[in-house]
Amino acid sequence: MRTETTPPPVSTIQRQLRLWQRLARRYDLRRNRHGRLPWLGYALTTVNIVILAFLVFDTPLGQAAKNLSPQLIAVAGDITDIGRLAWILAAIAVVFAVGLFIARRSPTRGRYRAALFIRMVAYVGLSVLTTSIVVNLLKYAIGRARPLLYDQYGILGFEPFHGGFLFQSFPSAHSANVGALFAALALLFPRFRLLFIGIGIWLGASRIIIGVHYPSDVAAGLALGAWIAFAVAILFSRFGLVFSTGQDGWPRLRLNHGLR
């Protein structure tokens, strides 16, 4: 006589393994479905912009930084606080928590949208955190003197691995975090990309006005953050998470987000 038995419960580890297996299959299916991006061309353009800023704009800024209007410096100081890493991460954490709360309380259709929203927030958070780690390692290793020390060092003051605040000018971590944040938002909401780019540039410029970074520091920071946000979007698109990959290789926002 045959007896029915209930299947053993699926453990958390088994569920995670199945998730990773599905993600691996999705990656294998998508890795050859995209055009090649002109990475070298983009990299050379970025390097040339940074070099141009270094050669043309850094010295005049170093000489004029102390003569800027105190009112302008005060306004820029208030504006630049918007782009602090602590504020950015706090905002991301709050938005993520709200999305998670909505996802748990929504009906099935609303839960799908909330899940997409959570993944979008996770993408932004991962882009900013990765950027922060990379840029702080770079600026510590490079050790460029800030404009505050222009009279002593000029624009060529470098003390690698110094570690002090006054020798952490290149690249600008503040600008890199801002570049990652607004580049990620521009990819998620392409209709507003010009607005996000404009805000990112102005927040970066505020670092120049208050005299803690040279133009080349800011240009390099913004470019680095934007590049990392773009690279993370490419990685997400390979797994079909948040983004899909267009024929030209660019990541495009997905409207369906399940792991089917």
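Shown here for Pro215 and Phe57, the closest heavy-atom pair between the two residues is CG-CB, 3.8 Å. Residues Gly211 and Pro147 come closest through the heavy atom pair O-CB, 3.6 Å. In terms of heavy atoms, Val178 sits closest to Gly200 at CG1-CA, 3.6 Å. The shortest non-hydrogen separation linking Ile228 to Ser127 is CG2-O, 3.9 Å. Residue Phe230 comes nearest to Pro251 through the heavy atom pair CE1-CD, 3.6 Å, listed as atom of the first residue, atom of the second, then distance. When all heavy atoms of Ile210 and Gly77 are compared, the closest pair comes out as CG2-N, 3.6 Å.
Scanning for side chain to side chain contact (heavy atoms under 4.5 Å, CB included) contacts around Asp81 gives Arg84, with sequence neighbours left out. Residues satisfying the salt bridge (Lys or Arg N to Asp or Glu O under 4.0 Å) criterion with Arg193, sequence neighbours excluded, are absent altogether. In this structure, the side chain to side chain contact (heavy atoms under 4.5 Å, CB included) partners of Val95, at least two apart in sequence or on a different chain, are Phe117, Val121. Every residue meeting the side chain to side chain contact (heavy atoms under 4.5 Å, CB included) condition with Thr59, not counting sequence neighbours, appears here in chain and number order: Gln63, Tyr150, Ile155. Scanning for side chain to side chain contact (heavy atoms under 4.5 Å, CB included) contacts around Ile133 gives Leu137, with sequence neighbours left out. Legend: residues meeting salt bridge (Lys or Arg N to Asp or Glu O under 4.0 Å) with Arg207, ordered by chain and number and at least two apart, are absent. Shown here are the salt bridge (Lys or Arg N to Asp or Glu O under 4.0 Å) partners of Asp78, two or more places apart in sequence or in another chain: there are none.
No side-chain heavy atom of Thr80 sits less than 4.5 Å from a side-chain heavy atom of Ile209. Contact of the Ser169 side chain with the Lys139 side chain is not registered, since no non-hydrogen atoms from C-beta on lie closer than 4.5 Å. In this structure the side chain of Leu89 reaches within 4.5 angstrom of the side chain of Leu129, judged on heavy atoms.
Separation of atoms CZ (Phe96) and CE (Met120) is listed at 13.5 Å; rounding is to 0.5 Å. Here CD1 of Ile79 is found 11.5 Å from CD1 of Ile199. Values are rounded to the nearest 0.5 Å. With values rounded to the nearest 0.5 angstrom, Leu253 atom CG is found 9.5 Å from Leu187 atom CG. Separation of atoms CG (Leu138) and CG (Leu224) is listed at 6.5 Å; rounding is to 0.5 Å. The CG atom of Asn177 sits 9.0 Å away from the CG atom of Leu181 when rounded to the nearest 0.5 Å.
Counting only residues at least two apart or on different chains, the ring pair (Phe, Tyr, Trp, His ring centres under 6.0 Å) pairs with a member in residues 165-184 are Tyr153-Phe167, His162-Phe167. Sorted by first and then second residue, the ring pair (Phe, Tyr, Trp, His ring centres under 6.0 Å) pairs involving residues 121-145 (not counting sequence neighbours) are Tyr123-Phe236, Tyr123-Phe243, Tyr140-Phe161. Residue pairs that meet the salt bridge (charged side-chain N to carboxylate O under 4.0 Å, His left out) test with at least one member in residues 42-53, sequence neighbours left out, do not exist here. Judged as a salt bridge (charged side-chain N to carboxylate O under 4.0 Å, His left out), the pairs with a partner in residues 211-220 (not counting sequence neighbours) are, in order, Arg144-Asp217. Residue pairs meeting the salt bridge (charged side-chain N to carboxylate O under 4.0 Å, His left out) criterion with at least one member in residues 176-190: none, sequence neighbours excluded.
Cluster membership for Val212 and Ile73, using ILVMFWY side-chain heavy atoms within less than 4.5 angstrom, is shared. A continuous path of hydrophobic side-chain contacts links Tyr42 to Leu235 [ILVMFWY only; heavy atoms under 4.5 Å]. By the criterion of side-chain heavy atoms lying less than 4.5 angstrom apart, applied directly or through intervening Ile, Leu, Val, Met, Phe, Trp or Tyr residues, Trp202 is not grouped with Ile82; the two fall into different hydrophobic clusters. Criterion: ILVMFWY side-chain heavy atoms under 4.5 Å apart, direct or through other members. Under it, Ile201 and Phe189 are not part of a common hydrophobic cluster. Leu55 and Val50 end up in the same hydrophobic cluster when Ile, Leu, Val, Met, Phe, Trp and Tyr side chains are linked at under 4.5 Å.
Remark: the backbone N or O of Ala173 is not paired with any side-chain donor or acceptor of Asn136 at under 3.5 angstrom.
Across Ile88, Val242, Val232, Ile92, a single residue satisfies side-chain contact (heavy atoms from CB on, under 4.5 Å) together with Val124, and that is Ile92. Each of Ser175, Ser206, Ser172 was evaluated against His213; a single residue qualifies, Ser172, per the side-chain contact (heavy atoms from CB on, under 4.5 Å) test.
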